[in-house]
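Presented below is the structure to which this report refers.
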2 protein chains.
Amino acid sequence: MRQKRGGRAAGVTMEDVARVAGVSAMTVSRVLRQPTLVNADLKARVEAAIRETGYIYNLVASSLASQRSGIIALILPTVASSIFTDSVKGVSDVARTHAVQMIMAETNYSPAEEEKVIEALLRRRPDGFVIVGVSHTRATRALLEKSGVPVVETWDSTPTPIDSLVGLSNFDAMKAMTEALVAQGFRRIVFVGTATPDRRAQMRAKGYEAGIAEAGLGAPLILNAGDLTSMESGRIVAERIAALRPRPDAVLCLNDVLAAGALLAFQRMGIAVPADIAVAGFGGLDFSSHLNPSLSTVDIPRYEMGQKAAEMLLGRIAGTAAQGGTCEMGYRIMLRESTGGSRPTEAKAS
Amino acid sequence: MRQKRGGRAAGVTMEDVARVAGVSAMTVSRVLRQPTLVNADLKARVEAAIRETGYIYNLVASSLASQRSGIIALILPTVASSIFTDSVKGVSDVARTHAVQMIMAETNYSPAEEEKVIEALLRRRPDGFVIVGVSHTRATRALLEKSGVPVVETWDSTPTPIDSLVGLSNFDAMKAMTEALVAQGFRRIVFVGTATPDRRAQMRAKGYEAGIAEAGLGAPLILNAGDLTSMESGRIVAERIAALRPRPDAVLCLNDVLAAGALLAFQRMGIAVPADIAVAGFGGLDFSSHLNPSLSTVDIPRYEMGQKAAEMLLGRIAGTAAQGGTCEMGYRIMLRESTGGSRPTEAKAS
DNA sequence: TTTTTAATTGTTAGCGCTATCATTTGTTAG
DNA sequence: CTAACAAATGATAGCGCTAACAATTAAAAA
C-alpha cells in the first residue's frame, strides 16, 4: 500500500508489478489480456510478480482505457419471481463462460421505471443489454438507439425490435392452451390476469380471447388477480370464481403461480380439481408437475431464452452478429391432471 | 459524436457539456454531484446543456477518479433458487435508495468457486460485499481482508466474522423445530439433508441431532436428498422414506422446497399427511402456507436479512459503522397442518 | 552479407472524470 | 475604506489502465 495524493491509500498497480518483474506496464497488461503475444519466460516472471505483490487487476481503469466494460445489463420486471430466475441463470451462465459480468435491474413492470433504470445502467457503459419485454417508452428506445449499445429483447415478440430479438409469442401460446382446453371439452373457461398493464400479460389475455372467439364460445370472461402475482392472489381470485354462477368449468391463469394458488384454494374449499373445475397455468415452472393434481401449463424454454439472448448479445458485441437478428422460441402445451388429462399429453409448437 | 484517436467514436463528455454551458468541466461535475455548491443560474444553464447534448454521465471514469465504484457485490450460492430471491430483493431495494448498484455472483455452494468469484468481482473495485455464508477458504478471507473492502456476511452465524455479520443460527432454528415436533408427540423423526457439504445445511442437521439427543429419542436418522435442492429431490427422498420400516412418523427437511416435494409425493403415494406421516420444512417460503395441508416451517426473515445486511454494509462504506458489527436475526416456528397443528401455532425466538 | 519480415517489448498519449488547490468575487467586520 | 473571510468557480494533475505506434531483436529471404 502506498500513500498518494493527499493521503489516499492505493493498492498494488500494474506499474508495481512491472517494476518487480523488471518489465514495462504494457507487458504486464499483455500477459493478462493477450498472453500469446508474450515470451514464455517473461510471462512466467510477470506471473510470479503478480503473485508476489498480490496484484488485483483493475477493471475500472481497464474499462475506461479500452472503452469496454465487460458488463452486460439485464433488465427484468422483477428479480423476486420464480418466473424469471431460470432466464437469469441462462444469461448468467453464458456471461460467465465469456468472462463477462452481468448486472441486473428491475422495472416493477413499469415502462417509466424501466426508462430510469436503463439510464442509470447506461452510466456504467455496459457493452450490451438484455431486456425482458418489447414495450418501452419512446424515450427509452431513443436512449438505447442513440447510445449505440447492442440490445436483445426477449420474452415477447414484435416485428420491430430495437436491435435483436429472442421472441416468444405469448398470444400464440395462450391461444394454443385455450384451444387445448376447448378440445378437452371445457366450455366455460375463465381467464385470470393481473391489473398491471403489462404487454406480455395483455397478449396472453388476447390469446385467450382469440381462442374463445374462434371456438364460438360466446363472450370471454376475464378476472384480474390484482397487482401482485402470488399464490395469495390466486387464492383470492379462486374464491371469486367459486362464487360465480353458473360456475366456470375451467380456469386459465396468466402464470403458474396464480394457477397453483387457485388450484390449492379450490381444494381447500372442497372444490375438486379437475372434477368440479379444471385449472391451467402458464410458464412450465418446476413445481407445476409436482402438485396433486399436476398442473397443466404452457411450458416455455425460460433458461434457453436467457441463454440464447446472451449468446446473441455477445455476438452483437463481438461484431459477429448483425443487427436485427431474430429468433423465435417455441412453447409446449402440457396437459396434465388438473385439466383431466391423466396421461401426459404434450403438443409441441414452433 | 467526435472522432478521436484512430477513429474511435466517442460520446458526449462532460467537457462538451461544459463548453455548451460556458463553464468549466469541474462545474458540470459539481452540478451532478454536489449541486448545493453551485449557483442556481449556472446550475440551470448546465442542466439545460446536459439535456441539449444528451449527455450521459460516465460512472466508469468517475469510479476511477474518485476511487469509489458505487457498486456493492452480492455473493450467493445460487441465483436460481426461491430461497434467496427475497434476500436479493432486500439488498437491491436498499442499494437503490442509496444510488448504489448491485452486482451478483453465484458460488454453487462451493468455497473454491466462491474464491474465484470474489477475486473476479474485486477487479471491479466494489465498495463492499454482502456474502451469504460464513464458510470461506483461507485465501478468500485473506483476499478480502487485504483488500480492505467492507464485508457483511449473512445467513449463518459465527463469532469471527471477516468484518460484520447479519447472523442467523441455523443450528438453533432447526433444533427449535425438532423440539417442537417432539412436543407435538412425534418420536421417529427423520431429517432430510443434502449431499452438498454446505455449512448452513450442516448446522441445520446438527440442530436436528441435538434436538433428538436432548429428547432422548435414540439415534438420529438422516437421509440425503442428493446434490440439488428441488421438489424432484424431495419426491425421490419421500419414496425412500416410505419404504423404511418401521416408518418414521415425521420428516423434517433442510428447506421448504424439499419438504414440499416430499409432502406432495407422499400424497401421491397414498400416504396421508399428517395422519400417516408429518412433514416440516425450513425457510418460510411463500407457497408453504398455501399447500394442502399447509406446511409447517421455520420462518426466517429473508427480506429483512438482505435489507439489514445492505444497510450495515452502507454504514461501513460511509464510515459511520465500525468493523465487527453484528446483528442476530430471529426465526419463527410455524406449526401448521402438515404436522397436525391445525391452528396456527407460532413460537417466536430471538 | 544485406535486406526484408516477423516477433517481441517499450514509449507516449490519452480514456473522462475528480481531488486539491488557486483564484476570483462578494460580504462582513474593524 | 480596507482587512479578513466566505462563497463560487476554475486550473492542474492525476486515477490505472490500453490503443497506437515506435523501437529493438531475431529469423528468414535474397
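In what follows, chains carry the letters A, B, and so on, assigned in the order in which the sequence lines appear, proteins first and then strands, with residues in each chain numbered from 1.
Not one side-chain nitrogen or oxygen of Asn58(A) sits closer than 4.0 Å to the OP1 or OP2 atom of dC15(D). A sub-4.0 Å separation between OP1 or OP2 of dG10(C) and a side-chain N or O of Thr27(A) is present. Taking side-chain N and O atoms only, Ser24(A) has a distance below 4.0 Å to OP1 or OP2 of dG10(C). For the pair Ser29(B) and dC17(C), the criterion of a side-chain N or O lying under 4.0 Å from OP1 or OP2 is not met.
The residue Val38(B) sits close only to the backbone: its heavy atoms come under 4.0 Å of sugar-phosphate atoms, none of a base. At a threshold of 4.0 angstrom between heavy atoms, the contacts of Arg30(A) include nucleobase atoms, whether or not backbone atoms are also involved. Among the heavy atoms of the strands lying under 4.0 Å from Val23(A) are primed sugar atoms or P, OP1, OP2 only; no base atom is included. Using a 4.0 Å heavy-atom distance criterion, Leu42(B) is classed as a sugar-phosphate-only contact.
As a whole-Å value, the separation of Glu15(B) CD from dG10(D) C1' is 12 Å. Separating the CG atom of Leu37(B) from the P atom of dT20(C) is a distance of 14 Å, rounded to the nearest angstrom. Here the P atom of nucleotide dT20(C) and the CZ atom of Arg33(B) are 11 Å apart, to the nearest Å. As a whole-Å value, the separation of Gln34(A) CD from dT8(C) C1' is 12 Å. One atom, CE of Met14(B), and another, C1' of dA11(D), lie 16 Å apart when rounded to the nearest Å. As rounded to whole Å, 8 Å separates atom P of dC17(C) from atom OH of Tyr57(B). When the P atom of dC17(D) is taken as reference, atom CD of Gln67(A) falls 16 Å away, rounded to whole Å. Note: CG (Leu64(A)) to P (dG14(D)) measures 17 Å, nearest angstrom.
The residues Glu145(A) and Arg141(A) are annotated as salt-bridged, a charged nitrogen and a carboxylate oxygen being separated by less than 4.0 angstrom.
More than 12 heavy atoms of other residues, nucleotides or ligands shown are found within 6.0 angstrom of NZ on Lys89(B).
In terms of modelled atom types and a separation under 3.5 Å, the side chain of Thr27(A) and the main chain of Val23(A) share no donor-acceptor contact.
Comparing dG10(D), dT9(D), dT9(C) by their nearest atom to the side chain of Met26(B) picks out dG10(D). Proximity note for Ala65(A) (side chain, C-beta onward) versus dA19(C), dA19(D), dG14(C): the nearest is dG14(C). In this structure, of dA19(D), dC17(D), dA19(C), it is dA19(C) that holds the atom nearest to the side chain of Ser66(B).
The partner of dA20(D) is dT11(C), judged by Watson-Crick or G-U wobble contacts that both fall below 3.5 Å.
Between Ala61(B) and Ala25(A), the residue whose closest nucleotide on DNA chain D is further toward the 5' end is Ala61(B). Residue order along DNA chain D, read from the 5' end via each residue's closest nucleotide, puts Ala40(B) first among Ser62(A) and Ala40(B).
Taking CZ of Arg125(A) as the start and CD1 of Ile71(A) as the end, the distance is 12.0 Å to the nearest 0.5 Å.
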